[in-house]
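Only a predicted model underlies this, so the values are computations on that prediction, with no experimental measurement involved.
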Amino acid sequence: MQVRTNPRCARGSDPMRAAYIKMTLATVLLGSYLVVSKLILREVPVFTATFIRLVTASLVLAVYVALKPPGRVRPGRRDRAVLFTQTLLGVFLFSVFAMYGVRLTGAIEAGVILGMVPISISMVGLLLLRESMSARRGGGIAVAVLGALSINVMSVQALDGPSGSHVAFGSLLLACAVVCEAVFLTFGKLLSRPVPPAALSLILSTVGAVMFAVPAAVEFDWAMITAISGQAWALMIYTGVAVNGVAVVLMYDSLDTVDTTVAAAFTALTPVSGAVLSVLLLGERLHLYHLTGMVLVVLGVFIVAKETNRRPRRRSDHTEPGVLRSGVAETTS
């Protein structure tokens with residue numbers, strides 16, 4: 001007996017599978033951000049390091065966009081306001097809140113940021129983007145968040161932290177960074193006109209670099225610049241290319257295909273990547289609760305992915321692939 005495959009279902013599964021792969025790679029790269037930042041901040045001030053990162057990302061993305069022109073992108077007044085909000089909150093304020101929050105607290109609270117991002121993204125999707133959430137998807141996100149938090153919170157008793165007032169203020173900064181990260185990853189869906197992911201990331205990185213130019217100039221010290229090691233320069237270039245470049249483009253491209261609540265579950269993989277890289281780069285020890293948390297995160301992502309595969313998505317025949325539309329994610333059939 002010959003079994004025939006529904007061509008429409010086959011076409012629908014490939015973009016979804018590709019989106020899962022892109023989001024997994026993106027979250028692995030994003031997970032390296034705070035780990036690498038700890039190494040960079042040993043030699044370079046916050047504003048200078050962030051400015052160099054964004055300039056690097058802008059240059060790389062500009063070359064990519066020039067080689068693969070996305071067509072003319074001319075945002076209207078409303079879209080310019082969305083892009084400015086996305087840059088101010090998701091690039092400028094997130095960097096300030098995250099960097100100084102890590103300085104005032106430590107590795108555990110930095111990991112908690114990444115563990116809470118899925119919840120923040122889900123709330124943005126539900127409240128602002130009017131996306132639905134089934135019980136299965138909500139359960140998968142909850143399992144992933146539980147795993148992400150356990151990777152970090154369970155080790156708090158093993159570390160000596162700074163004074164209580166510093167921890168409280170640092171934790172507040174980190175909580176603000178969570179909201180900013182959700183805005184950065186999701187507000188592209190509020191654009192009324194399609195913007196290709198690479199062009200969108202280029203706009204955000206360039207405007208962000210302009211915002212950081214003045215504070216970076218204020219803390220500029222030529223002696224400090226000449227004293228920066230080759231390793232620190234390489235790490236700053238890495239964060240620009242891999243984090244603000246590759247990872248952000250992959251995540252935005254995936255949001256053309258999946259709902260933000262699905263992407264929220266995948267962002268729980270970020271602290272898993274961070275924990276592994278902390279072991280490899282910072283010499284931290286891997287404990288049983290790290291492994292337990294990683295298993296829970298992967299299980300939660302698997303639950304969400306399986307639930308999404310079972311639900312048919314409405315798709316538009318009028319939207320080109322690789323662009324972000326307002327309110328919903330669209331791909332071609």
Could you tell me which non-hydrogen atom of L255 sits nearest to which non-hydrogen atom of A263, and how far apart they are?
CD2-CB, 3.7 Å
Please enumerate all residues that pass side-chain contact (heavy atoms from CB on, under 4.5 Å) together with S37, with sequence neighbours excluded.
Y33, M99
Tell me, which pairs form a side chain to side chain donor-acceptor pair (under 3.5 Å) where one or both residues lie in residues 210-223, sequence neighbours left out?
T48-E219
From E181 CD over to C176 SG, what is the distance, rounded to the nearest 0.5 angstrom?
13.5 Å
T186: what forms a side-chain hydrogen bond (donor to acceptor under 3.5 Å, both in side chains) with it, not counting sequence neighbours?
none
I'd like to check the side-chain contact (heavy atoms from CB on, under 4.5 Å) partners of S32; sequence neighbours left out, ordered by chain and number.
V36, Y238, V243, L277
When you measure from the side chain of S205 to the backbone N and O of S201, does any donor-acceptor pair fall under 3.5 Å?
yes
Write down the atom of V195, the atom of L191, and the distance for their closest heavy-atom approach.
CG2-CD1, 3.7 Å
Side chain proximity check, Y20 to V262, heavy atoms < 4.5 angstrom:
yes
Check the hydrophobic clustering (I, L, V, M, F, W, Y; side-chain heavy atoms under 4.5 Å; chains of links allowed) and say if F266 and V28 are grouped together.
no
Under 3.5 Å, is there a donor-acceptor pair between the side chain of T206 and the main chain of I203?
no
Can you give me the closest heavy-atom contact between A19 and T257, atom names plus distance?
CB-CB, 4.1 Å
Partners meeting side-chain contact (heavy atoms from CB on, under 4.5 Å) with V246 (sequence neighbours left out):
L29, L250
With sequence neighbours left out, the residues meeting ring pair (Phe, Tyr, Trp, His ring centres under 6.0 Å) with F184 are Y252
Quick check: does any side chain N or O of T27 sit under 3.5 Å from a backbone N or O of T24, one acting as donor and the other as acceptor?
yes
Matching residue for K22 among D253, V258, V249 - test: side chain to side chain contact (heavy atoms under 4.5 Å, CB included):
D253
Please report the C-alpha distance between W233 and I225 in whole Å, then the side-chain angles of each, then the deciding distance to 0.1 Å, and finally whether the side chain to side chain contact (heavy atoms under 4.5 Å, CB included) criterion is met.
CA-CA 10 Å; W233 278 109; I225 294 294; 4.1 Å; yes
Does one hydrophobic cluster hold both I21 and V248, with members joined at side-chain heavy-atom distances below 4.5 Å?
no
Side chain to side chain contact (heavy atoms under 4.5 Å, CB included) between L200 and Q86, worked out:
CA-CA 10 Å; L200 178 59; Q86 206 173 357; 4.2 Å; yes
So does S192 get a backbone contact from the side chain of D79, meaning a donor-acceptor N/O pair under 3.5 Å?
yes
Side-chain heavy atoms of F47 within contact of V96, under 4.5 Å
yes
Is V91 close to M211 at the side-chain level, that is, under 4.5 Å between some pair of heavy atoms?
no
Which residues share a side-chain hydrogen bond (donor to acceptor under 3.5 Å, both in side chains) with S229, sequence neighbours left out
E43
A247 and A26: which non-hydrogen atoms are nearest, and at how many Å?
O-CB, 3.5 Å
So, taking the atom named CG in L204 and the one named CZ in F84, what distance separates them when rounded to the nearest 0.5 Å?
12.0 Å
Hits for ring pair (Phe, Tyr, Trp, His ring centres under 6.0 Å) against F92, two or more places apart or cross-chain, chain-then-number order -> F212
Across all chains, not counting sequence neighbours, the side-chain hydrogen bond (donor to acceptor under 3.5 Å, both in side chains) partners of T56 are none
Residue pair A57 / N244: nearest heavy atoms and the distance that separates them:
CB-CB, 3.6 Å
Looking at T239 and M236, would you say the former's side chain and the latter's main chain have a donor-acceptor pair under 3.5 Å?
yes
Are V179 and F97 in one and the same hydrophobic cluster, where Ile, Leu, Val, Met, Phe, Trp and Tyr link if side-chain heavy atoms are under 4.5 Å apart?
no
Going from OG1 on T50 to CD1 on I40, what distance comes out if it is rounded to the nearest 0.5 angstrom?
8.5 Å
same_hphob_cluster(V210, L88) at 4.5 Å side-chain heavy-atom cutoff
no
What is the distance from atom CD1 of I228 to atom CZ of R42, rounded to the nearest 0.5 Å?
15.0 Å
What residues, two or more places apart in sequence or in another chain, satisfy side-chain contact (heavy atoms from CB on, under 4.5 Å) together with R77?
R80
Close side-chain approach of T267 to L185, heavy-atom, < 4.5 Å:
yes
Taking ILVMFWY side chains as joined if any heavy atoms are under 4.5 angstrom apart, and letting links pass through other members, which residues group with V60?
I237, V241
